[in-house]
4 protein chains.
Amino acid sequence: MSDKRIKVIEVATRLFSEKGFDNTSISAIGKEAGVSKALVFHHFQNKDNLLIEVFKQSTNVISEYSKNNKTTSVDQLMELLNTFFDRLKVEKEYFQFSINICIQQSTRDLLHDLIAERSAGIQKYIQQLFDALGIENSLAKSYMLIAELDGIAINYIFAFTHYPFEEIRQEMIGKYQLLIQNTKTK
Amino acid sequence: MSDKRIKVIEVATRLFSEKGFDNTSISAIGKEAGVSKALVFHHFQNKDNLLIEVFKQSTNVISEYSKNNKTTSVDQLMELLNTFFDRLKVEKEYFQFSINICIQQSTRDLLHDLIAERSAGIQKYIQQLFDALGIENSLAKSYMLIAELDGIAINYIFAFTHYPFEEIRQEMIGKYQLLIQNTKTK
Amino acid sequence: MSDKRIKVIEVATRLFSEKGFDNTSISAIGKEAGVSKALVFHHFQNKDNLLIEVFKQSTNVISEYSKNNKTTSVDQLMELLNTFFDRLKVEKEYFQFSINICIQQSTRDLLHDLIAERSAGIQKYIQQLFDALGIENSLAKSYMLIAELDGIAINYIFAFTHYPFEEIRQEMIGKYQLLIQNTKTK
Amino acid sequence: MSDKRIKVIEVATRLFSEKGFDNTSISAIGKEAGVSKALVFHHFQNKDNLLIEVFKQSTNVISEYSKNNKTTSVDQLMELLNTFFDRLKVEKEYFQFSINICIQQSTRDLLHDLIAERSAGIQKYIQQLFDALGIENSLAKSYMLIAELDGIAINYIFAFTHYPFEEIRQEMIGKYQLLIQNTKTK
DNA sequence: GATGAATGAGGTTTCATTCAT
DNA sequence: GATGAATGAAACCTCATTCAT
């Protein structure tokens, strides 16, 4: 892939994350990427397509989790949580992009299938983890975990004041360790 | 307040919720409200001001919770949860509006103080409830509850497939009842 | 004339002078005058008419000069010059208004007859003075004096740096005293 | 420079001269230049910038005078006067543009530095001429000459009736020839 | 006399997109 | 691959003006 094409995707990812899709003009992307507006269209046909390309390029969190399937289910769950918190701290931008995209209708419609697929994948993966751990009510619990992670991400990213990041991390990890223990002892 | 002014706020609230602030044109608001673009400016000076007015008009959830302070802390917490789920089902629009506003930067900046105040109010209210119930780690736990509610709201509102609404509600209520019980017995 | 009507004319005069006719909105005039937009229209029908009223109200310089026709022609000329410089210093606004009105086409067209009449009046008055003093070439000389005064007014009002006001005044008075003397001795 | 870009500057110069900056819409410029509104913005970013470009393009009168520095000071002064009158007759538009720009506040503010520089340049050039000719009071006299030229330009351009152009020219030339002679004989 | 509500026309500007080169 | 020129549509906003009260 050409250098400039890559640069455009990079810049687009950042700007879409920072300002949202609709508030980012092709012109602005071109300027920051050091290429002409026209070249962006040359490579991506139109703005919608650029978004799709950016989305596809964006690393899929879950796909990385799933790779570690050599370890036990307990380890996998703990790693999922820890990876989430680690990445949240470092890659705020990626999370912001994901949230923005899901919430703005124009982008939602555009990426509907891709997002749905990714969401379903995550949910299924978590539910299977819970099932493997013998946790009851795995469906609701998987949705709950996702809700918790999403909520934490949003609250952390958009916090007006200091967010008790580490305390929340401990809460979450403690809570799920307890859940696993309580399940085992039954 | 004049009829048309109210109508404009109504329409604006809906459109801002559905399409977001930046994707809603004054022109569109005027058209749906059956008034001229110019009248919107006559009443609200500019688009930013209209948003502020819409935000101020939007019922404050927590302010309603807080009114029921005659009851016990346990009842208050349970009522908070139930009211949340009841309203989420019926007033999707209000939640969508709130989320959109918090997440889009342009609107965040604009409503910064108002949102910060409201957020802080909710967090403090919940923390006090937890303190009254003798729950440990009330700070982190209050942030956790907020994250859970936000996460649920987002996942429910933007769900691609059926969302297990009632199961989640039961999960949440069960979880917090358990928390209260475990605390008491200590 | 009603209080508010007078206030509107006052404010309009000032704003037209400061910002020009086209850049002054009726709304702005109303706001500064403490009345509603609608009242301005009630009193003056439309913006053009308000301008005409403002123009008519604006004191006519020459009409005041002409009153002092008891004195000699020499005294009249000297008084004209001195009055001009005195007023220029104090009533910058009036001069600015006059210049603005003459130069902007929209206002020129509107006030065409009134301005033409006033201009012709001044020119004729000066030419008669020169004739009475036996000055040759009174027509050209009268136009020259007007050009000088207009030029001085503009350069003084719109000067970017300090304008040598008093030196210019002395130059002018000296020059015309000399002209009168040279004429007499012939 | 592209054809259309030049055409836009040409049209803008004319319309700004005729109707003033604020009364000339980009839309009107585009229409007369046979291009779209958007193209004007493509080339000049915004209206203010277009004005600056038009100003920079506008030939600087004095810069042409100054070139003839091979001749004597007397010749230079006479040439300055003659060139002024010659150009005034032919290039009314340029003078009108200059006057409009200096007098309207919005444009004054915008071009402040450029105008101030040009004005100062002219004044200094004339003062040096007077100094070279041994004329007393060169500062005030230079300001006077400028005032005369400005006044004549305005009165000529905005005259309601026939303006005695040639008579004024003779007056001016005669006056300054006399001034030079009187200085020499001293 | 005085006002607030209401509007149509028009202004500057942004933007996604196309096209010739 | 890469660009500058070019555009139509639509955004926010202002303004003179009218009308009912």
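Computed from heavy atoms alone, side chains included, the values below leave out hydrogens, waters and symmetry copies. Per chain, numbering begins at 1; letters A, B, ... match sequence-line order.
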Practice task
Check the surroundings of atom NZ in D:K31: do more than 12 heavy atoms from other residues, nucleotides or ligands lie under 6.0 Å from it?
Solution key: no
Practice task
Give a yes or no on whether C:K19 atom NZ has more than 12 heavy-atom contacts from other residues, nucleotides or ligands under 6.0 Å away.
Solution key: yes
Practice task
Using atom CD1 of C:I29 as one end and atom C1' of F:dT14 as the other, report the distance to the nearest whole Å.
Solution key: 14 Å
Exercise for the section: Answer whether the closest heavy-atom distance between the side chains of D:I103 and C:I103 falls below 4.5 Å. Expected result: yes
Exercise for the section: Identify whether any heavy atom of A:S36 sits under 4.0 Å from a base atom; if not, whether one sits that close to sugar-phosphate; answer base, sugar-phosphate or nothing. Expected result: base
Handout entry: Below 4.0 Å: OP1/OP2 of F:dA6 and any side-chain N or O of D:K4
Key = yes
Handout entry: Side chain to side chain, A:L51 and A:F44, heavy atoms closer than 4.5 Å
Key = no
Handout entry: Watson-Crick or G-U stems of DNA chain E, 3 or more pairs, under 3.5 Å, by first number
Key = E:2-21 with F:2-21
Handout entry: Side chain D:K47, main chain D:T24, donor-acceptor under 3.5 Å
Key = yes
Practice task
Please report the closest heavy-atom contact between D:D22 and D:S106, naming both atoms and the distance.
Solution key: OD2-OG, 2.6 Å
Exercise for the section: Answer yes or no: is there a side-chain heavy-atom contact under 4.5 Å between C:E18 and D:Q105? Expected result: no
Handout entry: Protein-nucleotide distance (A:K7, atom NZ; F:dA2, atom P), rounded to Å
Key = 14 Å
Handout entry: Interatomic distance where NZ belongs to A:K31 and C1' belongs to E:dT14 [whole Å]
Key = 11 Å
Exercise for the section: Measure the distance from CG on C:L15 to P on F:dC15 and round it to the nearest whole Å. Expected result: 12 Å
Handout entry: Rounded interatomic separation in angstrom, taking CG from A:N23 and C1' from E:dA16
Key = 15 Å
Exercise for the section: In whole angstrom, give the distance that lies between atom CZ of D:F16 and atom P of E:dG11. Expected result: 13 Å
Problem - Member of A:E91, A:E32, A:E93 meeting the salt bridge (charged side-chain N to carboxylate O under 4.0 Å, His left out) criterion with A:R14 - result: A:E32
Problem - Rounded distance in Å - CG (A:D3) to C1' (F:dA2) - result: 14 Å
Practice task
For F:dA11, take OP1 and OP2 only and decide whether either is under 4.0 Å from a side-chain N or O of B:S25.
Solution key: yes
Exercise for the section: Kindly check if the number of other-residue, nucleotide or ligand heavy atoms within 6.0 Å of CD (C:E117) is above 12? Expected result: no
Exercise for the section: For A:L39 and for C:K37, locate the closest nucleotide of DNA chain F by heavy-atom distance; then report the residue assigned to the nucleotide nearer the 5' terminus. Expected result: A:L39
Problem - 5'-most by nearest nucleotide on DNA chain E - D:I26 or A:A38 - result: D:I26
Practice task
Using atom NZ of C:K19 as one end and atom C1' of F:dT14 as the other, report the distance to the nearest whole Å.
Solution key: 12 Å
Practice task
Enumerate the residues from residues 40-50 of chain C whose closest heavy atom to DNA chain E is under 4.0 Å, giving them by residue number; use none for an empty result.
Solution key: C:H42, C:H43
